[in-house]
Amino acid sequence: MNITAVYPGSFDPITFGHIDIIQRLEPLFANLIVLVANSPNKHYVFKAEERAQLIRENCQLKAKTQVEVSTGLTVDFARARGASVIVRGLRAIADFEYETAIANVNARLDPRIETMIVFTRPEYSYISSKIVKEVAYYGGDLNDLVPESVAQALRAKISEVPNVI
Ligand code: ADP
């Protein structure tokens, strides 16, 4: 089957947990779109294009994988691109309620688009972009959390705009 999947998220910034999911998805789908959400109601540390660029630079993506930015609903984006699957990652039970709500809303908006959940590998289950930003803010070691270029970009952002986080 020739299935296109969308993996949406804030990716503010991309972490080793996200990278692991992307690498595991690539062999499963004919096409993969990593969708960088740009919600006008959310505060991000990195601009959408910066978040997309950090993904492109750090994932060694295959040619069939695209990174795109969108401000609208994920289901609308998926439909417009002919994608029939939305993939989300699940780290722990704490993610479950939120992910269930999103999946149910998306199913109501377009029942033809299926949400699939990929379970995080245990070694990445404690990593979140939020934790990465907090560790960076207090000058902690980011080695096990994000690639070096992401750590550098984050440190640069914090020194340019100290209250960015
Ligand atoms: P959002 O704001 O949409 O939750 P995130 O960038 O935080 O965006 O996460 C995007 C997706 O990646 C979500 O499905 C999330 O559960 C998943 N994810 C986040 N961190 C990890 C991780 N460490 N391992 C696996 N999946 C993760």
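In listed order, ligands and their atoms are each counted from 1.
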Flag yes if more than 12 heavy atoms outside [X] fall under 6.0 Å of its [atom1] atom; otherwise flag no.
{"X": "Asp144", "atom1": "CG", "result": "no"}
{"X": "Gln60", "atom1": "CD", "result": "no"}
{"X": "Glu97", "atom1": "CD", "result": "no"}
{"X": "Lys64", "atom1": "NZ", "result": "yes"}
{"X": "Tyr137", "atom1": "OH", "result": "no"}
{"X": "Phe119", "atom1": "CZ", "result": "no"}

Exercise for the section: Determine, stepwise, if the pair Gln152 / Arg155 fulfils side chain to side chain donor-acceptor pair (under 3.5 Å). Expected result: CA-CA 5 Å; Gln152 278 176 15; Arg155 286 191 207 103; over 6 Å; no
Contact with ligand 1 for [X], non-hydrogen, under 4.0 angstrom:
{"X": "Lys42", "value": "yes"}
{"X": "Pro8", "value": "yes"}
{"X": "Tyr7", "value": "yes"}
{"X": "Arg121", "value": "no"}

Protein residue, atom and distance nearest to [atom], heavy-atom basis:
{"atom": "atom 1 (P) of ligand 1", "answer": "Ser10 OG, 3.6 Å"}
{"atom": "atom 24 (N) of ligand 1", "answer": "Thr120 CG2, 3.1 Å"}
{"atom": "atom 16 (O) of ligand 1", "answer": "Gly89 O, 2.5 Å"}
{"atom": "atom 21 (C) of ligand 1", "answer": "Arg91 CD, 3.6 Å"}
{"atom": "atom 4 (O) of ligand 1", "answer": "Arg88 NH2, 3.2 Å"}
{"atom": "atom 18 (N) of ligand 1", "answer": "His18 CD2, 3.8 Å"}

Exercise for the section: Flag the pair Ile14 / Phe46 as yes when at least one side-chain heavy-atom distance between them is below 4.5 Å, and no otherwise. Expected result: no
Problem - Validation row: Pro147, Ile19 side chains within 4.5 angstrom (heavy atoms) - result: yes
Exercise for the section: Please say whether Ile127 places an N or O atom under 3.5 Å from an N or O atom belonging to ligand 1. Expected result: yes
Handout entry: Sub-3.5 Å N/O-N/O distance, Tyr98 and ligand 1
Key = no
Which of the atoms of ligand 1 are close to [X], meaning less than 4.0 Å from one of its heavy atoms?
{"X": "Gly9", "value": "3 (O), 8 (O), 10 (C)"}
{"X": "Glu99", "value": "14 (O), 16 (O)"}
{"X": "Phe11", "value": "6 (O)"}

Problem - NZ/NE/NH1/NH2 to OD/OE distance under 4.0 Å, Glu99 and Arg91 - result: no
Problem - Mode of Lys130 contact toward ligand 1 - side chain, backbone, both, neither (heavy atoms, under 4.0 Å) - result: neither
